[in-house]
2 protein chains.
Amino acid sequence: MAPRQTRERILETSLAMFNAQGEPNVTTNHIADELEISPGNLYYHFRNKEDIVEQVFTRYEVRMDDALLVPEGRLPNLEDVWMQLHMVFECMWDYRFLYRDLVDILSRNRKLKAHFARILTRAASSAAAVLRGLAAGGILRATEDEIRATAENVLLVATFWMNFSIVRNARGEVGQDDLTHGIYQVMLLIAPFLRDAERAHLNTLAQAYR
Amino acid sequence: MAPRQTRERILETSLAMFNAQGEPNVTTNHIADELEISPGNLYYHFRNKEDIVEQVFTRYEVRMDDALLVPEGRLPNLEDVWMQLHMVFECMWDYRFLYRDLVDILSRNRKLKAHFARILTRAASSAAAVLRGLAAGGILRATEDEIRATAENVLLVATFWMNFSIVRNARGEVGQDDLTHGIYQVMLLIAPFLRDAERAHLNTLAQAYR
DNA sequence: GTCTATATAGGGATAGAC
DNA sequence: GTCTATCCCTATATAGAC
C-alpha cells in the first residue's frame, strides 16, 4: 500500500481508539490489530507510540488555532460567542482523548506541554478580547479585573467540561448533548455581566439544560 | 513488624508516591522498594494495587465528607464560605493524585466511580445550600436558576483547579500558593451576585492573585 | 512497504521457605 | 509477617526475510 495511505490510516485509527478507550489503554499492538497490519509495519511508519501521539496532537493544534481566531474589524456580538464556543467544543470533542488524560499526557512530553500551554495562552487572549469587545459594544458591563477573572474561568470550564460530565454521570457515556450543555455552562459564566435583556434571553435558553 | 504498622506504612507511602509521581506511574514494586520491603510482603497486606488505591480513596472520602458539612442552625456568611473552601481545597491537595488522573482512575473501578459521583452530588447540595443561605441573609442576590448554575460551576472549577494550574504553567510545580489562587477563583464565581460592599471587598482581596 | 520472529524490559502476582 | 524466587503476561521496539 502507498506509504501515505498507511501512515494516514494509522493516525486516523489511533485517534479513534484513543478517543474511545483512553490513550493510556491503547497500545501499539492494539492499533496494529485494529488495522490488520503487523506491529513491525506500524513501527516502520512511526518511531514509537509517542510519535503517533505527537502527530495527532499537531493536527489538534492546527484545528484549535483556527477555532480561536477572533473575527476582526468589527465588535463581536453574542451570536459570535455562541459560534466560537461551538467551534472550540467540537474541536475538543474530536480530540477528547487529550482532555481525558491531559495532565498525564502532557507530563510525559515537554514539547506537548509547551504547545498546550501556548494554546491556553491564546485562548485566554481570545476570551478576554471577546469580552472586551462585548463591553465596548454595550452588551456587557464589567471591570477589567472581572473580565480577566471571567476569562480564566471560561478557559477552565471549557477545558475540563468533558471530564466533569464523565465523572458526574455515575454511569453512561458522554455525548454531543453534554457538549451543548457545556456551552451553556460557559455562557452562564458571563451571564451576570450581560445587559438585562440579553441575560434574560440567555437564562430562558439555558432552562433546557439545567 | 506488627501487621497494622506495615499496612499503615504501605498506605502512607503509596499516597505520598501517588501524589508525587502520579498514580499510573507508581508500581507495586516501586512502593515496596521505597519502603524497603519485598513485593511479596506488600501482596501479603493487599490483594493488588487496586486494593491499595481503594483503601486510600476511602480515607479521602471520609475526609471530604467532613469538609462538605454545612454549619447548621444559622445562616452562613462569607467567612464560612472562605473557611469551607479552605477545608475542601486542602483535602483535594492531600489527595491530589486522585484529581490528577481522575477520569482514568475512576474508569477502571466502578465502585470508586460511584463513590466519587456521590461526593460530587453532596458537594453540589452543599454549595447550593450555602448560596441559598447567603441569599436568605441578604448577602447575595440570585435566582434559583442562577444559584444552580453557579453551584455547578463552583464544583467544576474546584474539582479541576489543580489540573488547570499544572497544565497552564509551562514549567514548574504546583504548590500551596496556587491553591489559594484557586479559592479566590471560586469566590469570583459568586462575586457578581454579592451585595456591592462585599463584592468590592472581595475584588480588592483578589487583586493579589490575578 | 510489509511481514514474521524475536529481543528486551517491566509490572502484577503467587508459592513456598523461613 | 516477611523474604526469595519465580511465573506469567503484556508492551515496546528491532532485525531481517520477503
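Note that the structure is a prediction, hence the values are computed from the model and not measured. Naming: A, B, ... by sequence-line order, numbering from 1 per chain.
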B:L194 CG to B:L134 CG distance, which is reported to the nearest 0.5 Å: 7.5 Å
Using the six-membered ring wherever Trp is involved, compare the ring planes of A:F97 and A:F18 and label them parallel, tilted or perpendicular (cut-offs 30° and 60°). tilted
Options C:dA13, D:dA13, C:dC3, nucleotide nearest the side-chain atoms of A:S38: C:dC3
Base, sugar-phosphate, or nothing for A:N29, non-hydrogen atoms under 4.0 angstrom? base
Which pair of non-hydrogen atoms, one from A:Q84 and one from A:S126, has the smallest distance, and what is that distance? NE2-OG, 3.4 Å
I need the NZ-C1' distance between A:K49 and D:dA13, as an integer number of Å. 14 Å
Atom CZ of A:R7 to atom P of C:dT2: distance rounded to whole Å? 13 Å
Without decimals, in angstroms, what is the distance between B:E23 CD and C:dG11 P? 13 Å
Report the distance from atom CG of A:L42 to atom P of C:dA5, rounded to the nearest whole Å. 19 Å
Does a side-chain N or O of B:H30 approach OP1 or OP2 of C:dG10 to a distance below 4.0 Å, or not? no
Atom CD1 of B:I31 and atom P of C:dA13: how far apart are they, to the nearest Å? 11 Å
Checking C:dC3, D:dT2, C:dG12 against the side chain of B:T28 (C-beta onward), the nearest is C:dG12
Whole-Å distance separating the NE2 atom of A:H45 from the P atom of D:dA13: 16 Å
Between atom CG in B:D51 and atom P in C:dA13, what is the gap in whole Å? 10 Å
Please report the shortest heavy-atom distance between B:T150 and B:L189, naming the atom on each side. CG2-O, 4.0 Å
When you get a sec, tell me which of D:dC3, C:dC3, C:dT2 is the closest nucleotide to the side chain of B:I37? D:dC3
So does A:T27 get a side-chain nitrogen or oxygen closer than 4.0 Å to the phosphate oxygens (OP1/OP2) of D:dT10? no
Any side-chain N or O of B:Y43 less than 4.0 Å from the OP1 or OP2 oxygen of C:dA13? yes
If you pin A:R47 and A:N25 to their nearest nucleotides in DNA chain D, which one's is more 5'? A:N25
I need the OH-C1' distance between B:Y44 and C:dC18, as an integer number of Å. 14 Å
If you check every side-chain atom of B:N48, which of C:dT2, D:dT12, C:dA13 has the closest atom? C:dA13
Which residue in the set A:R108, A:R96, A:R100 passes salt bridge (charged side-chain N to carboxylate O under 4.0 Å, His left out) when paired with A:E23? A:R108
With a 4.0 Å cutoff (strictly under), does any side-chain N or O of B:N41 reach OP1 or OP2 of D:dC3? yes
